[in-house]
Asker: 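Quick one: structure below, then a few questions.
Remember, it's 1-based here, ligands and their atoms both numbered in the order they're listed.
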Amino acid sequence: MKPATKFIHAGAAPDASTGAIMTPIFQTSTYVQEAPGKHKGFEYARSQNPTRKALEEALAIIENGKFGLAFSSGVAATDAVVKLLEPGDEVIAANDMYGGTYRLFTKVFEKFGIRFIYTDTANIDNVRKAVSEKTKLIWLETPTNPLMNVTDIEAVSIISKKAAAWLCVDNTFASPYLQNPLDLGADIVMHSSTKYLGGHSDVIQGALVMNDASLREKLYFIQKSCGAVPGPMDCFLMLRGIKTLHVRMKQHCENGKIIAEWLRNHPKVSKVYWPGFSDHPGYAIAKKQMRDFGGMISFELKNDSLEETMRVLSSTKLFALAESLGGVESLINHPASMTHASIPREERIKNGLKDSLIRLSVGIEDAEDLVADLENAI
Ligand SMILES: Cc1ncc(COP(=O)(O)O)c(C=O)c1O
């Protein structure tokens, strides 16, 4: 199927009992069995739910994978992947990624004996050098949140295969409309579905997609044993969001380009981070592995005092000051004090995330209105 058809029809079959075109919300905790063990494939809703099943099938299709698993949040999906590991195992991860992932790795999993090695994965040599016989997982985020660094997924997959380690790619920023990591050699794709997949800022949810059946069994075992499953209403909302992913993403990309170029020409702006600029260090790789460049942009002001940064952040009217991203409405965010506050300041600064960095999630409103709003604020 071509992308538009895929996003609309993925996982959607008319309800067998009524013909309802939309998957019903199976709001149930359990299922009646005819005799012990004699059932219709559904025993207890932490393990199986028909609305979640439809969503999981849709997730697999839109990421060109065989199996999908839905979780109660993006971090719950990440948590499930790390639970594949044993004490003593090592993980190589990007040194610039979503703060909550960093917090989960360092504050929750390090104490269980898992070692995390953070490096600039955009430089493939760094990944190669970080590999040891204990490496079991390579965790990539590309483009990264919030500095928009790009890593060559295919090149890292060659390294991970040689090391017999899993490669998991957080594909939240790109969405499956722009990038499909499994096609580039990744073993697992992870999403904070909360963002572009849901697309309407009304659901918290996560997803994993993979091709390998034994890996699916391991992750399904973790999903049902640890229990971080999404409710059926949220699965319904996610199925609905996915149907318009392609039309939303087209507009996010179009508006993103307009805003990135406008910001770059603004006399008060010193630096704009967006992988669609031909002089962005990751441009060639982004062009190779992404279909377009998305609507996530970060920038710094020439007057990079915290006072001026805070003034701009508080002055927009359309861009709402809020965490999260990927919804139809535009958001403005201060990574240092909001989404990435869980990363120690010196660690952040070392990796290029300044206190003055402003991140935009460009929505799908009229670009002219968005530009006027930023012009007023800046
Ligand atoms: C790139 C990325 N990965 C993972 C997450 C975590 O997802 P969730 O908030 O759905 O738990 C986020 C949330 O902002 C994110 O931006």
Asker: Which pairs, with at least one residue in residues 119-139 and sequence neighbours excluded, count as a salt bridge (Lys or Arg N to Asp or Glu O under 4.0 Å)?
Answerer: Asp89-Lys136, Asp125-Arg128

Asker: Should the pair Arg248 and Tyr196 be classed as cation-pi, given the thresholds of under 6.0 Å to the six-membered ring centre and 45° from the axis?
Answerer: no

Asker: Specify the protein heavy atom at minimum distance from atom 6 (C) of ligand 1: its residue, its atom name, and the distance to 0.1 Å.
Answerer: Tyr98 CE2, 3.4 Å

Asker: What atoms of ligand 1 come closer than 4.0 angstrom to any heavy atom of Asp170?
Answerer: 1 (C), 2 (C), 3 (N), 4 (C)

Asker: Which donor-acceptor pairs under 3.5 Å do side chains of residues 9-16 form with protein atoms, sequence neighbours excluded?
Answerer:
residue : atom : partner : partner atom : Å
Asp15   : OD2  : Ser17   : OG           : 2.8
Asp15   : OD2  : Thr18   : N            : 3.2
Asp15   : OD2  : Thr18   : OG1          : 2.7

Asker: For Gly74, take its heavy atoms, then give the atoms of ligand 1 lying under 4.0 Å from any of them.
Answerer: 7 (O), 8 (P), 10 (O), 11 (O)

Asker: Are any of the N/O atoms on Thr101, whether in the backbone or the side chain, positioned under 3.5 angstrom from an N/O atom of ligand 1?
Answerer: no

Asker: Scan side-chain atoms only and decide if Glu141 and Thr101 contain a donor-acceptor pair under the 3.5 Å cut-off.
Answerer: no

Asker: When you check the side-chain N and O atoms of Asn145 and Arg359, is any donor under 3.5 Å from an acceptor?
Answerer: yes

Asker: Suppose we measure from atom 16 (O) of ligand 1 to each protein heavy atom; which comes out shortest, and what is that distance?
Answerer: Asn145 ND2, 3.1 Å

Asker: Give yes if a backbone or side-chain nitrogen or oxygen of Met190 is under 3.5 Å from a nitrogen or oxygen of ligand 1, and no if not.
Answerer: no

Asker: Is NZ or CZ of Arg46 both nearer than 6.0 Å to the six-membered ring centre of Tyr44 and within 45° of the ring axis?
Answerer: no

Asker: Go through ligand 1 atom by atom and flag the ones less than 4.0 Å from a non-hydrogen atom of Lys195.
Answerer: 7 (O), 9 (O), 12 (C), 13 (C), 14 (O), 15 (C), 16 (O)

Asker: Provide the number and element of each atom of ligand 1 under 4.0 Å from a heavy atom of Gln205.
Answerer: 10 (O)

